[in-house]
Amino acid sequence: MIRVADEVREALAGGGAVVALETTLVAHGFPPGEGVEVGLESERRVRAAGAVPATIGVLDGELRIGLTERELRRFGADARKVGPRDLGAAVVQGAVGATTVGGTLAAARATGIAFMATGGLGGVHRGFPDPPDVSADLAQLARTPALVVSSGVKSLLDVPATAELLESLGVPVLGYGTDTLPLFYAAEGGPPVSARVESADEAARIARAHWQIGGGGLLLGRPPDEPLDDVDPLIDAALGAAHAQGIFGQAVTPFVLSYLHRESGGRTQRANKDLVAQNARLAGEIAVSGSH
Ligand code: PSU
Ligand code: MN
């Protein structure tokens, strides 16, 4: 039911560096066609760092750990968005299942992968408790011994509330060369991190220490290299449009991202693509540091 690609299995067996990558951002985070390019570029960056990429998704009744390019191309806009709770149903029902951060972490836990990269972690949606929408990414991260590299938490969320919840869940929030949690497109203005790190090696050592003490997931926030600092008004407009159109639950994040990509004239799309690739590179470096 779980099929691990040969290259990934061999790397794991040899104690090598493996980085899990998700497929929800491929299927639902970018316009059709573009997401696949983002996924392929992420894999190249992980390899450039000396690690093995394991892109994860559900295909043909199996949870697949490591996808070929041809398989990755099947994760189009019609793929099912698959969080931790959806994996079993997607496998049994033969769906093309694009795993979220949470879904990808569940698969990583099942196969012993300890590093992952994404764009922005899910979290507490604005307006909580109306609606009471909290991404399953958070609970899954808390129970998975893995380090996730992201550009913080997506700023369409309530980022301070998300940071509070991560603290409640015992998830360390590391800042890569920063004292505050990055805000996805923006670098500055987020809540404080629990520890600042200056290098991939330091992050890997903290993760190892955390796991030796029985800890679960860690978040490493890496600020985007070319931040966008003027997106907040567009985010407000996107959330307003989502509300007006009755968009809720799993559909909110994809709706808002595509609204931003369109209304920013592609600026958020380029920024998002760049930060995902840069996070993949850093996750590869940390995985290499953490594997020897
Ligand atoms: N990072 C991106 N784009 C994305 C996501 C992350 O740059 O689309 C996805 C991840 O799969 C994450 C999901 O798990 O957004 C959060 O969705 P929700 O808010 O419905 O939990
Ligand atoms: Mn949700």
Side-chain angles (χ1 to χ4, degrees), residues 20-32 34-39 41-42 45 55-58 75-77 79-87 90 97-108 116-141 144 146 148-159 161-162 165-166 182-186 217 219 221-222 224 228 231 235 238-239 242 247-261 268-280 283:
L21 299 168
E22 56 152 309
T23 38
T24 283
L25 74 79
V26 170
H28 303 300
F30 291 89
E34 185 64 17
V36 174
E37 298 312 316
V38 175
E41 181 62 20
S42 300
R45 300 290 179 103
T55 302
I56 290 173
V58 177
F75 290 83
R80 203 188 279 185
K81 182 172 169 181
V82 170
R85 68 168 186 182
D86 306 307
L87 285 164
T99 52
T100 63
V101 172
T104 304
L105 283 171
M116 166 172 191
T118 186
L121 189 71
V124 181
H125 284 260
R126 292 188 198 174
F128 184 91
D130 180 24
D133 186 349
V134 178
S135 176
D137 291 356
L138 300 186
Q140 188 63 50
L141 181 58
T144 303
V148 175
V149 179
S150 81
S151 294
V153 173
K154 284 194 278 292
S155 43
L156 56 108
L157 302 166
D158 182 338
V159 180
T162 304
L165 186 47
L166 286 166
L183 298 174
F184 197 54
Y185 305 118
L219 179 66
R222 193 198 61 85
L228 301 179
V231 189
I235 290 174
L239 289 169
I247 310 283
F248 72 100
Q250 286 190 323
V252 173
T253 299
F255 176 92
V256 170
L257 292 176
S258 77
Y259 184 104
L260 296 176
H261 295 339
T268 59
Q269 189 178 314
R270 273 192 301 282
N272 198 346
K273 181 175 183 175
D274 289 348
L275 65 85
V276 169
Q278 290 151 3
N279 293 343

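Given the structure is predicted, the values throughout are model-derived calculations rather than measurements. Indexing begins at 1, ligand by ligand and atom by atom, following the structure's order.
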Return the option from [options] holding the heavy atom at the smallest distance from [atom].
atom	options	result
atom 12 (C) of ligand 1	L275, D137, T268	D137
atom 2 (C) of ligand 1	S150, G120, G29	G120
atom 7 (O) of ligand 1	V101, N272, V26, V256	N272

Protein residue, atom and distance nearest to [atom], heavy-atom basis:
atom	result
atom 13 (C) of ligand 1	K154 NZ, 3.9 Å
atom 17 (O) of ligand 1	K81 NZ, 3.2 Å
atom 8 (O) of ligand 1	L257 CD1, 3.4 Å

Side chain or backbone, does S135 bring an N or O within less than 3.5 Å of an N or O on ligand 1? yes
Does any N or O of ligand 1 fall below 3.5 Å from an N or O anywhere on T99, backbone included?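 By distance alone, the answer is no.
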Name whichever N, O or S atom of D133 ends up nearest to the Mn ion (ligand 2). OD1
Does F30 have a heavy atom less than 4.0 Å from any atom of ligand 1?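 In this structure, F30 fails to qualify as a contact of ligand 1 - no heavy atom is under 4.0 Å.
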Does ligand 1 have an atom under 4.0 Å from some heavy atom of E22? yes
Sidechain N-carboxylate O distance under 4.0 Å for K273, E34: yes
Ignoring hydrogens and angles, state whether a donor on the side chain of S151 or N279 is under 3.5 Å from an acceptor on the partner side chain. yes
Taking all heavy atoms of [X] and all of [Y], pick out the closest pair and write down the distance.
X	Y	result
I235	S155	CD1-OG, 3.5 Å
L156	L257	CD2-CD2, 4.2 Å
G122	V153	O-CG1, 4.5 Å

For T23 and T99, indicate whether the former's side chain and the latter's backbone hold a donor-acceptor pair under 3.5 Å. yes
Using modelled atom types only, decide if a donor and an acceptor are shared between the side chain of H28 and the backbone of P254 within a distance under 3.5 Å. no
